Every structure is written in structure tokens, then in C-alpha cells.
2 protein chains.
Amino acid sequence: MTTSKKSERVPSAKVNGRVERSRYTVLTTAFELLSEGGVASFTVDEVSRRSGVAKTTIYRHWPTREALVIDACSRMIAEQEVPDTGTLEGDVTAILEEIAHLLPTANWSFVLPSIVDTAERNPEFAEIHSRIQRGHAAPLREVLQRAVDRGELSADADMSTIVAALLGPLFYRRWFSREPIDVPFVKAIIKRVLASL
Amino acid sequence: MTTSKKSERVPSAKVNGRVERSRYTVLTTAFELLSEGGVASFTVDEVSRRSGVAKTTIYRHWPTREALVIDACSRMIAEQEVPDTGTLEGDVTAILEEIAHLLPTANWSFVLPSIVDTAERNPEFAEIHSRIQRGHAAPLREVLQRAVDRGELSADADMSTIVAALLGPLFYRRWFSREPIDVPFVKAIIKRVLASL
DNA sequence: TCAATATGATACGATACCGTATCGTAGCGT
DNA sequence: ACGCTACGATACGGTATCGTATCATATTGA
């Protein structure tokens, strides 16, 4: 199919081979660099040095430094799987304990403040930040919706408030008070929020 | 008093006059610049341009760019007054509504992400961040302590968890979900947390 | 008034980074 | 095997910033 002529060169289908490898190498290094120093100290020259890919080549694939940063940031969207324990409390506990586990360890947790800061003044980063944010909240929203469907949760419950009440305290400890996020803390938060539904 | 000799030159007491003015002008401009662009884009040259104070003079008062940034950041610690309505709920409501009002408007709320980001890798900023953080939590801790003293709150309540449960959702909305922080939301959070005590 | 001292203006060296140009080389698909 | 294309190495111009040096000027306090 679509093998009509040999002169038919679909550029986007020809990207296989070296190009793919270069892009991958650069993006991986870029993400690593971001994790270490944040957006501010991110440098194309440093990506080139570390990855071994010539700066010329990098600029052949990304028109500008910012484009590369944005591309690397986009790789940061966490793919969380949604649990299904049968009860709202079980689901919420599974999700929050997973996040509590990731917050002190995952690479994205080191980059996120940088993105939040940049997003404060740069619409493109605000968009990325928004996507990341929705990614974090999505599993919670899903299990909450299921609870509504089961009749376990009132249909007029304000999801947005509940999500903020659940995620807020965890994020607060990670980036503001810098206190450890242990299981008792997570359970206490969950208990508080679910008790009030 | 202490006017003993005219030859007595206490250097630190002689800083009056031009020095004071220069320092003040520079710090004010520096803070303004920080509010606009964050720590990353902060530049001594720009402070000089805007303030009209020669770069040479700036470097006479601060040994390095970072010293100036840190000094300017230190001006950011919010002095919040502690309410005393007689009830825990009243006090907490007053504090959180004040914060909810400040979060979208106050200068420090634009700089804080930058400090959080920098603090992630720089101990000096981690220290500043810690001070700012304690400043935010202090009023809450005080009214909670008063509630304990009145017997309104159990003495073995975990203050740290309560503070996180109260401030976390507000901060979450300001910097992560970027949703508005209106009075109903604040009241909902307070209700949830206080109901569980 | 006068001397000490803080300031301003300017220039400078050093460094780092962005993004481009050039040209030779290596790998890929056919 | 061969040609197209991506890649690497290198150099470059331009800009921005840090922090210092120098010297003239203004301000202050006695």
C-alpha cells in the first residue's frame, strides 16, 4: 500500500535510522540534565558534550534551545496506572501511597519546581505544566468518578476540592515544608478527607 | 550616652547617610526585579540600570550576585498578624482567607516558585526557603496551640499534619492546579480539617 | 572649609552561551 | 556499490553577564 512509485519519498517515514537514534540520545541526555539542574541551567552545549551528539546535529532537530527543553519536559508526564480495589478508600490509598513514594525519588519531582517557576511567566511552559498537572490528578478523578457511579460518593461532590485536599498536603510537604511523607501522614490525610464526604 | 570621645568611630554606626540610601535603593529594585523574573533572570547589571546605582557601588556592598539575591529574598518573609477571635475555627478562617487573598496578588507568591526551585539544589536558598515557610505556618501553629491551651483541641493532635492539611490545598491551587482560590473553597477545606479533630 | 569616604562613569578581561557556517566523513537505503 | 543524507568537528560572530580596575566627582561629617 502506497508503494506506488519508487520516487515517492514520504519524508516523515524516512526518519528511521540515525535520526531516530540521535533524537533519542539527545532527549535522554536533555532530560537527565533537566533533572539535575532545572530549566534555568539547561544548556545546549552541555547536552552536546554529555551526549556526544554534535551541537550542529542538535540544532538540526530542534530549532532552538527552548524547543528542546519543552520537548524534554514533555517526557516528564508520569503514566500512573489506576487501581481498582473496589472501594474508594482503597483506590485513593493506593494512588496516594504511590505518589508519596515517588515524590522523594522520581526525577520529575526535581524538575517540577523549575517548570512551575517557568510557567509563572511563560505560556508554553504553563501549557506543559497544565498537562503534567492533569496527569497527576487524573487517576484520582477516575476513582472518584467510579465511586460516584457506584453510589459510594454523592454525585454533587466537588471533585476539584477533593483532589486539592488530597494532593495538596503531599505536595506541600515535598516542596514547601520539606517534611517526610510517610504512610501515617498519608493515611491521616485520606481519613480526614473521606470522613467528610 | 556612648558619646564618650569624638575620635570614637564605630564603623557600623557610621553607615548612616549615603550608604543607607544606596543599600535601600538597590534592595528595593532587586526585590522588584526578583518579583518579575525570578531568581534565574536576576542580573546585577539590570539592578544597576534600573536603580541608577552604579554597578561598582553595588559590588561595594554585596560581594557577589548571589549575596544580593539572598538579601533581597530575605525581604520576602511575610509578616502576618495572628488573629484572636476566640475560637479555633474563627482564627483559622481569618488566617486562611488572608493567605487566599495574598496568594494571587502578593509579590512573594511570584518569587516563591523560583526559590523553591533554587532551594532544591542550593543549601543557602533552602535555608531562606525554610525561614519563609516557617513564617507562613507560624500563625496557624500559634492559633492551634492556643486552641490546645483552651482545651478546644486535643493536646496530642499532630500540628504538622494539620498545617499541611490546611495550607497544602491552597498552595496546590496556586502553583499546581492553578485554579482560583475562592471563599467557598477555603471554607470547605477548613470544614473538612476541623471536623476531623 | 576640608579631608575622608562613598559614589559614578567607564572600560576591561574572562567566561559562557546561542545559533550559524563550512566542510569533510560516515552510515543508510536501495 | 553508490549516492543521498545525516553527522561530527571546528570555527565564528554576537550577546550577556560577572566581577574588577581606575579615576574623577559628589557627599558627608567634623
Side-chain angles (χ1 to χ4, degrees), chain A residues 2-30 33-34 36-72 118 122, chain B residues 2-30 33-34 36-72 118 122:
Chain A
T2 70
T3 327
S4 48
K5 300 273 189 178
K6 58 168 151 186
S7 65
E8 176 160 301
R9 311 299 284 282
V10 183
S12 57
K14 210 172 63 62
V15 185
N16 302 328
R18 283 177 292 178
V19 178
E20 197 85 20
R21 278 203 302 277
S22 292
R23 289 185 60 92
Y24 179 79
T25 306
V26 170
L27 270 179
T28 302
T29 308
L33 213 61
L34 267 182
E36 292 177 18
V39 174
S41 74
F42 181 92
T43 285
V44 177
D45 289 81
E46 181 61 21
V47 175
S48 172
R49 275 191 290 272
R50 282 210 200 179
S51 64
V53 176
K55 195 166 65 158
T56 327
T57 302
I58 299 179
Y59 275 105
R60 281 189 191 105
H61 291 315
W62 291 272
T64 180
R65 178 199 104 118
E66 203 184 4
L68 176 55
V69 175
I70 288 177
D71 209 347
T118 313
N122 181 323
Chain B
T2 70
T3 327
S4 48
K5 300 273 190 179
K6 58 168 151 186
S7 64
E8 176 161 302
R9 311 298 284 284
V10 183
S12 58
K14 209 174 64 60
V15 186
N16 304 327
R18 282 178 292 178
V19 178
E20 197 84 19
R21 278 202 302 275
S22 293
R23 288 186 61 91
Y24 179 79
T25 306
V26 170
L27 270 180
T28 302
T29 309
L33 212 61
L34 267 183
E36 292 176 19
V39 173
S41 73
F42 181 91
T43 285
V44 177
D45 289 81
E46 180 62 21
V47 174
S48 172
R49 276 190 289 271
R50 280 210 201 179
S51 64
V53 176
K55 195 166 64 158
T56 327
T57 302
I58 299 179
Y59 275 105
R60 280 189 191 105
H61 292 316
W62 291 273
T64 180
R65 177 199 106 118
E66 202 183 4
L68 177 54
V69 175
I70 289 178
D71 209 348
T118 313
N122 181 324

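In what follows, chains carry the letters A, B, and so on, assigned in the order in which the sequence lines appear, proteins first and then strands, with residues in each chain numbered from 1. If you're wondering where the values come from, they're calculated on a predicted model, not measured in any experiment.
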*For B/T25, does its backbone N or O pair with a side-chain atom of B/T29 as donor and acceptor, under 3.5 Å?*
yes
*Could you state the CZ-P distance from A/R65 to D/dA16, rounded to the nearest angstrom?*
15 Å
_The criterion is salt bridge (Lys or Arg N to Asp or Glu O under 4.0 Å); which residues satisfy it with A/R50, sequence neighbours excluded?_
A/E32, A/E36, A/E46
_Residues that A/E66 engages under side-chain hydrogen bond (donor to acceptor under 3.5 Å, both in side chains), provided they are two or more places apart_ = A/N122
_Could you tell me how far apart B/L68 (CG) and D/dG19 (C1') are, to the nearest whole angstrom?_
13 Å
*asked:* With rounding to the nearest 0.5 angstrom, report the CZ to OG1 distance, B/R23 to B/T28.
replied: 11.5 Å
*May I ask you to verify whether the side chain of B/R18 and the base of D/dT27 hold a donor-acceptor pair under 3.5 Å?*
yes
_Strand-adjacent residues in residues 47-62 of chain B, judged by heavy atoms under 4.0 Å from DNA chain D_ = B/R49, B/K55, B/T56, B/Y59
*Rounded distance (Å) that lies between atom P of C/dA16 and atom CD of A/E46*: 11 Å
*Does A/T64 put a side-chain nitrogen or oxygen below 4.0 Å from OP1 or OP2 of C/dG19?*
yes
*In whole angstrom, what separates A/R23's CZ from D/dA6's C1'?*
14 Å
*Rounded to the Å, how far apart are A/D45 CG and D/dA11 P?*
15 Å
Hey, can you pull the donor-acceptor pairs under 3.5 Å for the side chains in residues 53-64 of chain A, sequence neighbours left out?
from	atom 1	to	atom 2	distance (Å)
A/K55	NZ	A/D45	OD2	3.3
A/W62	NE1	A/D71	OD2	2.8

*If you take all heavy atoms of B/V47 and B/L33, which pair is closest and at what distance?*
CG2-CD2, 3.6 Å
_Phosphate-side-chain proximity, B/S22 and C/dA6, N/O vs OP1/OP2 below 4.0 Å_ = no
*Using rotation axes that map the C1' atoms of four end pairs onto the next four (five pairs an end), what angle separates the end axes of the helix from C/dT1-D/dA30 to C/dT30-D/dA1, to 10°?*
40°
